[in-house]
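Heads up: the structure comes next, in C-alpha coordinates.
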Amino acid sequence: MTAPTPSSPRPDRGAATGPRTGTGTGTGTGTTAPRSCAEEVRDAVGQWYSRHARDLPWRAADRTAWGVLVSEVMLQQTPVVRVEPAWRAWVERWPTPGDLAAAPTADVLRAWGRLGYPRRALRLQDCARAIVERHGGDVPRGEDALRALPGVGEYTAAAVTAFAHGRHAVVVDTNVRRVLARAVGGTALPAPSFTAAERRLATAYAPEPDDAAVLWACASMELGALVCTARNPRCGECPLRDRCAWRLAGRPADEHAARRRTQTWAGTDRQARGRVMAALREGDGPLDRTALHALWHDAAQLDRCVASLVEDGLVETDDDGGCTLPT
DNA sequence: AACACGGGGCC
DNA sequence: GGCCCAGTGTT
(Lines give C-alpha, C1' and ligand atoms only; values in the text may rest on other atoms or scores of the structure.)
Protein backbone atom coordinates (compact mmCIF):
# COMPACT_ATOMS: atom_id res chain seq x y z
CA MET A 1 0.00 0.00 0.00
CA THR A 2 1.02 3.61 -0.29
CA ALA A 3 2.03 5.15 2.98
CA PRO A 4 0.06 8.32 3.65
CA THR A 5 2.19 11.41 3.84
CA PRO A 6 1.81 13.56 6.95
CA SER A 7 2.43 16.72 4.97
CA SER A 8 -0.48 16.24 2.58
CA PRO A 9 -2.27 19.50 1.93
CA ARG A 10 -5.68 17.80 2.06
CA PRO A 11 -6.97 18.42 5.57
CA ASP A 12 -8.89 15.15 5.71
CA ARG A 13 -6.30 13.03 4.00
CA GLY A 14 -2.89 11.84 4.81
CA ALA A 15 -3.04 11.29 8.54
CA ALA A 16 -0.32 8.92 9.62
CA THR A 17 -2.36 5.76 9.85
CA GLY A 18 -0.37 3.78 7.33
CA PRO A 19 2.90 1.97 7.89
CA ARG A 20 5.89 4.22 8.31
CA THR A 21 9.44 3.61 7.38
CA GLY A 22 11.02 6.19 9.63
CA THR A 23 13.11 5.24 12.62
CA GLY A 24 11.42 7.30 15.27
CA THR A 25 12.78 10.20 17.25
CA GLY A 26 15.80 10.74 19.41
CA THR A 27 17.98 7.99 18.04
CA GLY A 28 21.59 8.42 17.21
CA THR A 29 22.49 12.04 17.81
CA GLY A 30 23.38 11.77 21.48
CA THR A 31 22.56 15.44 21.97
CA THR A 32 18.96 15.08 23.08
CA ALA A 33 17.67 14.67 26.61
CA PRO A 34 17.38 11.10 27.93
CA ARG A 35 14.30 9.44 26.51
CA SER A 36 11.53 8.62 28.89
CA CYS A 37 10.21 5.14 29.33
CA ALA A 38 7.07 6.10 27.43
CA GLU A 39 9.14 7.47 24.54
CA GLU A 40 11.11 4.24 24.28
CA VAL A 41 7.92 2.21 24.28
CA ARG A 42 6.36 4.40 21.61
CA ASP A 43 9.42 4.21 19.39
CA ALA A 44 9.65 0.44 19.69
CA VAL A 45 5.97 -0.04 18.93
CA GLY A 46 6.02 2.55 16.14
CA GLN A 47 8.93 0.83 14.41
CA TRP A 48 7.24 -2.52 14.78
CA TYR A 49 4.11 -1.03 13.19
CA SER A 50 6.06 0.28 10.20
CA ARG A 51 6.88 -3.33 9.32
CA HIS A 52 3.74 -5.19 10.39
CA ALA A 53 0.71 -2.95 9.85
CA ARG A 54 -2.14 -4.64 8.03
CA ASP A 55 -3.25 -3.17 4.72
CA LEU A 56 -6.79 -2.26 5.76
CA PRO A 57 -8.98 -0.30 3.33
CA TRP A 58 -10.06 2.34 5.86
CA ARG A 59 -6.37 3.20 6.31
CA ALA A 60 -5.67 3.74 2.60
CA ALA A 61 -4.28 7.07 1.46
CA ASP A 62 -7.53 7.94 -0.33
CA ARG A 63 -9.70 7.28 2.70
CA THR A 64 -12.41 9.73 3.71
CA ALA A 65 -13.50 10.82 7.17
CA TRP A 66 -16.88 9.21 6.51
CA GLY A 67 -15.25 5.93 5.58
CA VAL A 68 -13.23 6.02 8.78
CA LEU A 69 -16.33 6.75 10.85
CA VAL A 70 -18.21 3.89 9.20
CA SER A 71 -15.31 1.54 9.90
CA GLU A 72 -15.13 2.54 13.55
CA VAL A 73 -18.83 1.96 14.13
CA MET A 74 -18.68 -1.40 12.38
CA LEU A 75 -15.64 -2.35 14.44
CA GLN A 76 -17.46 -1.75 17.71
CA GLN A 77 -17.47 -5.35 18.92
CA THR A 78 -17.10 -6.92 15.48
CA PRO A 79 -13.69 -8.32 14.37
CA VAL A 80 -11.79 -6.81 11.44
CA VAL A 81 -12.08 -9.87 9.20
CA ARG A 82 -15.85 -9.72 9.28
CA VAL A 83 -16.08 -5.95 8.90
CA GLU A 84 -13.88 -5.59 5.82
CA PRO A 85 -16.25 -6.94 3.11
CA ALA A 86 -19.28 -5.20 4.64
CA TRP A 87 -17.35 -1.94 4.83
CA ARG A 88 -16.32 -2.07 1.16
CA ALA A 89 -19.89 -2.65 0.00
CA TRP A 90 -21.21 0.01 2.37
CA VAL A 91 -18.94 2.88 1.33
CA GLU A 92 -19.38 2.05 -2.33
CA ARG A 93 -23.15 2.18 -1.98
CA TRP A 94 -23.30 5.17 0.37
CA PRO A 95 -20.06 7.13 -0.19
CA THR A 96 -21.16 10.17 1.82
CA PRO A 97 -23.28 10.85 4.92
CA GLY A 98 -25.92 12.40 2.65
CA ASP A 99 -26.23 9.15 0.71
CA LEU A 100 -26.84 7.09 3.82
CA ALA A 101 -29.17 9.70 5.28
CA ALA A 102 -31.44 9.35 2.23
CA ALA A 103 -31.45 5.55 2.11
CA PRO A 104 -34.43 3.38 3.11
CA THR A 105 -33.75 1.99 6.57
CA ALA A 106 -34.63 -1.52 5.40
CA ASP A 107 -31.76 -1.33 2.90
CA VAL A 108 -29.43 -0.13 5.64
CA LEU A 109 -30.34 -3.02 7.93
CA ARG A 110 -29.92 -5.54 5.11
CA ALA A 111 -26.52 -4.11 4.20
CA TRP A 112 -25.50 -4.39 7.84
CA GLY A 113 -26.13 -8.10 7.48
CA ARG A 114 -24.72 -10.27 10.20
CA LEU A 115 -22.28 -7.84 11.75
CA GLY A 116 -24.28 -8.02 14.96
CA TYR A 117 -25.84 -5.36 17.17
CA PRO A 118 -28.09 -3.97 14.41
CA ARG A 119 -28.93 -0.95 16.53
CA ARG A 120 -25.50 0.26 15.42
CA ALA A 121 -26.76 0.37 11.83
CA LEU A 122 -29.73 2.44 12.91
CA ARG A 123 -27.51 4.80 14.87
CA LEU A 124 -25.12 5.11 11.93
CA GLN A 125 -27.99 6.26 9.73
CA ASP A 126 -29.14 8.64 12.47
CA CYS A 127 -25.54 9.79 12.69
CA ALA A 128 -25.48 10.46 8.94
CA ARG A 129 -28.67 12.49 9.21
CA ALA A 130 -27.25 14.48 12.12
CA ILE A 131 -24.10 15.17 10.09
CA VAL A 132 -26.24 16.48 7.23
CA GLU A 133 -28.42 18.60 9.49
CA ARG A 134 -25.83 19.95 11.91
CA HIS A 135 -22.64 19.94 9.87
CA GLY A 136 -23.61 20.43 6.24
CA GLY A 137 -22.86 16.82 5.35
CA ASP A 138 -19.23 16.80 6.50
CA VAL A 139 -17.99 14.68 9.38
CA PRO A 140 -17.32 17.26 12.11
CA ARG A 141 -13.94 17.88 13.72
CA GLY A 142 -13.43 17.92 17.45
CA GLU A 143 -14.24 15.23 19.95
CA ASP A 144 -17.15 17.14 21.49
CA ALA A 145 -18.99 17.52 18.19
CA LEU A 146 -18.26 13.89 17.33
CA ARG A 147 -19.43 12.63 20.72
CA ALA A 148 -22.74 14.41 20.18
CA LEU A 149 -23.48 12.18 17.19
CA PRO A 150 -25.59 9.02 17.62
CA GLY A 151 -23.49 5.90 18.11
CA VAL A 152 -20.28 7.85 18.73
CA GLY A 153 -18.84 7.39 22.20
CA GLU A 154 -15.49 8.16 23.78
CA TYR A 155 -13.54 5.65 21.75
CA THR A 156 -15.04 6.41 18.35
CA ALA A 157 -14.72 10.19 18.77
CA ALA A 158 -11.03 9.78 19.58
CA ALA A 159 -10.48 7.30 16.75
CA VAL A 160 -12.09 9.55 14.12
CA THR A 161 -10.11 12.53 15.42
CA ALA A 162 -6.85 10.63 15.05
CA PHE A 163 -7.43 8.41 12.02
CA ALA A 164 -9.66 10.64 9.90
CA HIS A 165 -8.46 14.10 10.84
CA GLY A 166 -4.88 13.33 11.79
CA ARG A 167 -5.18 15.15 15.08
CA HIS A 168 -3.97 14.31 18.56
CA ALA A 169 -6.36 12.06 20.49
CA VAL A 170 -6.09 9.49 23.26
CA VAL A 171 -7.44 6.40 21.53
CA VAL A 172 -8.11 3.61 23.99
CA ASP A 173 -9.79 0.45 22.80
CA THR A 174 -9.66 -3.06 24.20
CA ASN A 175 -6.31 -3.64 22.46
CA VAL A 176 -4.64 -0.57 23.91
CA ARG A 177 -6.01 -1.35 27.35
CA ARG A 178 -4.48 -4.81 27.19
CA VAL A 179 -1.10 -3.61 25.88
CA LEU A 180 -0.82 -1.05 28.68
CA ALA A 181 -2.11 -3.46 31.32
CA ARG A 182 0.60 -5.93 30.40
CA ALA A 183 3.56 -3.81 29.39
CA VAL A 184 3.13 -1.18 32.13
CA GLY A 185 0.78 -2.65 34.71
CA GLY A 186 2.17 -6.17 34.71
CA THR A 187 -1.25 -7.81 34.69
CA ALA A 188 -2.61 -10.41 32.30
CA LEU A 189 -5.68 -8.39 31.37
CA PRO A 190 -7.15 -4.99 32.23
CA ALA A 191 -9.95 -4.67 34.77
CA PRO A 192 -13.45 -5.51 33.52
CA SER A 193 -14.41 -1.85 33.31
CA PHE A 194 -12.40 1.08 31.98
CA THR A 195 -11.03 2.94 35.00
CA ALA A 196 -9.94 6.51 35.55
CA ALA A 197 -6.42 5.25 36.28
CA GLU A 198 -6.30 3.59 32.88
CA ARG A 199 -7.43 6.78 31.19
CA ARG A 200 -4.70 8.72 32.98
CA LEU A 201 -2.08 6.16 31.97
CA ALA A 202 -3.22 6.20 28.35
CA THR A 203 -3.19 9.99 28.34
CA ALA A 204 0.37 9.99 29.66
CA TYR A 205 1.47 7.59 26.91
CA ALA A 206 -0.09 9.55 24.05
CA PRO A 207 2.52 11.98 22.67
CA GLU A 208 1.48 15.58 22.12
CA PRO A 209 2.35 16.21 18.42
CA ASP A 210 -0.42 15.20 16.05
CA ASP A 211 1.62 12.89 13.83
CA ALA A 212 3.17 11.07 16.78
CA ALA A 213 -0.18 10.73 18.55
CA VAL A 214 -1.78 9.23 15.44
CA LEU A 215 1.10 6.82 14.95
CA TRP A 216 0.96 5.70 18.57
CA ALA A 217 -2.81 5.19 18.36
CA CYS A 218 -2.50 3.03 15.23
CA ALA A 219 0.52 1.13 16.41
CA SER A 220 -0.65 0.35 19.94
CA MET A 221 -3.98 -0.92 18.65
CA GLU A 222 -2.31 -3.02 15.99
CA LEU A 223 0.12 -4.52 18.49
CA GLY A 224 -2.79 -5.59 20.67
CA ALA A 225 -4.64 -7.02 17.68
CA LEU A 226 -1.74 -8.98 16.17
CA VAL A 227 0.77 -9.79 18.93
CA CYS A 228 -0.45 -8.85 22.39
CA THR A 229 -3.65 -10.82 21.93
CA ALA A 230 -6.03 -11.78 24.71
CA ARG A 231 -5.33 -15.48 24.32
CA ASN A 232 -1.97 -16.94 23.31
CA PRO A 233 -0.01 -13.70 23.01
CA ARG A 234 3.03 -13.99 20.77
CA CYS A 235 5.49 -12.50 23.23
CA GLY A 236 8.47 -13.73 21.22
CA GLU A 237 7.52 -11.37 18.40
CA CYS A 238 6.73 -8.39 20.60
CA PRO A 239 8.83 -5.22 20.34
CA LEU A 240 8.29 -4.79 24.09
CA ARG A 241 9.35 -8.32 25.06
CA ASP A 242 12.42 -7.16 26.97
CA ARG A 243 10.59 -4.53 28.99
CA CYS A 244 7.03 -5.86 29.36
CA ALA A 245 6.16 -5.89 33.08
CA TRP A 246 3.79 -8.83 32.67
CA ARG A 247 6.32 -10.97 30.83
CA LEU A 248 9.12 -10.05 33.22
CA ALA A 249 6.87 -11.11 36.10
CA GLY A 250 6.45 -14.53 34.53
CA ARG A 251 3.07 -13.88 32.90
CA PRO A 252 0.90 -14.28 36.01
CA ALA A 253 -2.70 -15.36 35.52
CA ASP A 254 -5.63 -12.99 35.20
CA GLU A 255 -6.62 -11.73 38.63
CA HIS A 256 -10.12 -10.76 37.50
CA ALA A 257 -10.97 -14.12 35.98
CA ALA A 258 -13.52 -14.94 38.65
CA ARG A 259 -15.44 -11.74 38.03
CA ARG A 260 -15.77 -12.16 34.28
CA ARG A 261 -18.93 -14.10 33.85
CA THR A 262 -19.93 -15.63 30.63
CA GLN A 263 -23.17 -14.64 28.96
CA THR A 264 -25.27 -17.59 28.01
CA TRP A 265 -26.61 -17.46 24.51
CA ALA A 266 -29.11 -20.23 23.83
CA GLY A 267 -32.61 -19.17 24.72
CA THR A 268 -31.85 -15.51 25.38
CA ASP A 269 -33.77 -12.51 24.13
CA ARG A 270 -30.69 -11.65 22.09
CA GLN A 271 -30.90 -14.92 20.22
CA ALA A 272 -34.64 -14.50 19.64
CA ARG A 273 -34.23 -10.93 18.40
CA GLY A 274 -31.43 -12.04 16.12
CA ARG A 275 -33.64 -14.76 14.71
CA VAL A 276 -36.38 -12.24 13.86
CA MET A 277 -33.96 -9.76 12.31
CA ALA A 278 -32.32 -12.46 10.20
CA ALA A 279 -35.70 -13.60 8.86
CA LEU A 280 -36.68 -10.03 8.00
CA ARG A 281 -33.36 -9.32 6.30
CA GLU A 282 -33.55 -12.43 4.17
CA GLY A 283 -37.25 -12.21 3.33
CA ASP A 284 -38.83 -9.87 0.84
CA GLY A 285 -42.11 -8.85 2.39
CA PRO A 286 -43.69 -8.77 5.82
CA LEU A 287 -43.59 -11.70 8.23
CA ASP A 288 -47.05 -12.65 9.47
CA ARG A 289 -47.70 -13.98 12.96
CA THR A 290 -47.51 -17.59 11.84
CA ALA A 291 -44.14 -17.17 10.19
CA LEU A 292 -42.92 -15.16 13.16
CA HIS A 293 -43.85 -17.77 15.72
CA ALA A 294 -42.32 -20.54 13.64
CA LEU A 295 -38.99 -18.83 14.41
CA TRP A 296 -39.16 -19.29 18.17
CA HIS A 297 -40.57 -21.83 20.59
CA ASP A 298 -41.63 -19.47 23.36
CA ALA A 299 -44.53 -17.32 22.13
CA ALA A 300 -44.53 -14.95 25.10
CA GLN A 301 -40.81 -14.34 24.81
CA LEU A 302 -41.13 -13.78 21.07
CA ASP A 303 -43.88 -11.20 21.57
CA ARG A 304 -41.73 -9.44 24.12
CA CYS A 305 -38.77 -9.44 21.78
CA VAL A 306 -40.75 -8.13 18.82
CA ALA A 307 -42.05 -5.36 21.05
CA SER A 308 -38.49 -4.49 22.06
CA LEU A 309 -37.40 -4.49 18.41
CA VAL A 310 -40.24 -2.09 17.62
CA GLU A 311 -39.20 0.04 20.58
CA ASP A 312 -35.66 0.10 19.21
CA GLY A 313 -36.86 1.16 15.75
CA LEU A 314 -35.57 -2.03 14.14
CA VAL A 315 -39.01 -3.41 13.28
CA GLU A 316 -42.45 -2.08 12.38
CA THR A 317 -45.69 -3.94 12.96
CA ASP A 318 -48.68 -4.09 10.66
CA ASP A 319 -52.35 -4.38 11.56
CA ASP A 320 -52.38 -8.18 11.70
CA GLY A 321 -49.51 -8.48 14.16
CA GLY A 322 -47.02 -9.26 11.43
CA CYS A 323 -43.87 -7.20 11.05
CA THR A 324 -41.49 -5.67 8.53
CA LEU A 325 -38.22 -3.81 8.45
CA PRO A 326 -38.66 -0.02 8.78
CA THR A 327 -39.07 1.79 5.49
C1' DA B 1 -21.39 0.79 38.10
C1' DA B 2 -24.06 -2.67 35.82
C1' DC B 3 -26.62 -4.30 32.14
C1' DA B 4 -28.41 -5.17 27.39
C1' DC B 5 -27.12 -5.66 22.98
C1' DG B 6 -25.42 -10.24 17.75
C1' DG B 7 -22.76 -13.12 15.72
C1' DG B 8 -18.96 -15.93 14.37
C1' DG B 9 -14.56 -18.09 14.96
C1' DC B 10 -11.09 -20.09 17.78
C1' DC B 11 -9.15 -23.20 21.43
C1' DG C 1 -18.52 -24.80 25.28
C1' DG C 2 -16.21 -20.78 27.06
C1' DC C 3 -14.05 -16.64 25.50
C1' DC C 4 -13.21 -12.70 22.73
C1' DC C 5 -13.91 -8.91 19.52
C1' DA C 6 -11.33 -0.99 17.01
C1' DG C 7 -18.11 -0.06 22.38
C1' DT C 8 -22.46 2.58 23.17
C1' DG C 9 -26.62 3.90 25.49
C1' DT C 10 -29.58 3.24 29.29
C1' DT C 11 -30.82 2.54 34.12
Side-chain angles (χ1 to χ4, degrees), chain A residues 17 49 53-54 56-59 67-87 109 112-124 126-127 146-164 169-179 188-196 198-199 202 214 216-226 228-233 254 256-281 304-305 308-309 311-314:
Chain A
T17 56
Y49 181 75
R54 289 170 291 182
L56 300 173
W58 45 85
R59 288 180 182 157
V68 171
L69 176 52
V70 170
S71 80
E72 294 302 340
V73 173
M74 287 184 171
L75 288 163
Q76 293 166 1
Q77 300 290 280
T78 305
V80 165
V81 287
R82 290 174 51 208
V83 163
E84 189 165 342
W87 182 89
L109 290 170
W112 192 260
R114 316 184 78 146
L115 291 180
Y117 295 135
R119 293 188 298 189
R120 288 183 294 163
L122 238 39
R123 292 196 193 111
L124 187 52
D126 288 342
C127 177
L146 287 164
R147 283 280 321 239
L149 298 171
V152 177
E154 177 177 1
Y155 163 78
T156 302
V160 170
T161 296
F163 304 149
V170 181
V171 183
V172 189
D173 73 333
T174 188
N175 291 304
V176 177
R177 291 186 65 208
R178 188 173 53 248
V179 167
L189 292 171
S193 57
F194 186 44
T195 64
E198 280 184 278
R199 186 179 287 101
V214 173
W216 166 246
C218 295
S220 56
M221 287 174 62
E222 195 78 337
L223 185 68
L226 298 182
C228 192
T229 52
R231 284 175 302 187
N232 306 123
D254 174 25
H256 302 103
R259 277 188 32 79
R260 304 180 200 275
R261 63 184 176 291
T262 167
Q263 298 170 316
T264 56
W265 171 244
T268 57
D269 285 4
R270 296 166 75 176
Q271 187 184 29
R273 287 166 53 105
R275 210 58 82 77
V276 172
M277 291 303 297
L280 288 171
R281 280 197 309 267
R304 200 168 62 238
C305 287
S308 75
L309 289 169
E311 185 71 18
D312 288 344
L314 288 163

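Computed over heavy atoms, backbone and side chain alike; hydrogens, waters and symmetry mates excluded. Labels below follow one simple rule: chain letters A, B, ... track the order of the sequence lines, proteins then strands, and each chain is numbered from 1.
- A gap of 24 Å separates the P atoms of dT8(C) and dG9(B), to the nearest Å.
- Across dA6(C), dG7(B), dG6(B), the shortest atom-to-atom separation from the side chain of Arg54(A) is found for dA6(C).
- Per the geometry, CH2 belonging to Trp265(A) stands 14 Å off C1' belonging to dG9(B), to the nearest Å.
- At the heavy-atom level, Thr78(A) lies under 4.0 Å from base atoms of the strands shown.
- The residue Thr156(A) sits close only to the backbone: its heavy atoms come under 4.0 Å of sugar-phosphate atoms, none of a base.
- One interatomic measurement links the two molecules: CG of Leu149(A) to C1' of dT8(C), which rounds to 13 Å at whole-angstrom precision.
- For Ala225(A) against Arg54(A), the heavy-atom pair with the smallest separation is CB-NH2, 3.6 Å.
- Looking at heavy-atom distances under 4.0 Å, Gly153(A) makes contact with sugar-phosphate atoms alone, never a base.
- If you check the side chains of Gln76(A) and Tyr155(A), you find no donor sitting under 3.5 Å from an acceptor.
- Relative to the side chain of Arg231(A), the nucleotides dC3(C), dC5(C), dC5(B) differ in distance, and dC3(C) lies closest.
- Of the P atoms belonging to dC3(B) and dA6(C), the separation is 24 Å, rounded to the nearest Å.
- Here the nucleotide nearest the side chain of Leu56(A), chosen from dG6(B), dG8(B), dA6(C), is dA6(C).
- Residue contacts shown for Arg178(A) are limited to sugar-phosphate atoms, with no base heavy atom under 4.0 Å away.
- Among the atoms of the strands shown, none is found under 4.0 Å from any heavy atom of Arg304(A).
- Among the heavy atoms of the strands, none lies under 4.0 Å from Val73(A).
- Note on Ala159(A): nothing from the nucleic acid sits closer than 4.0 angstrom, heavy atoms only.
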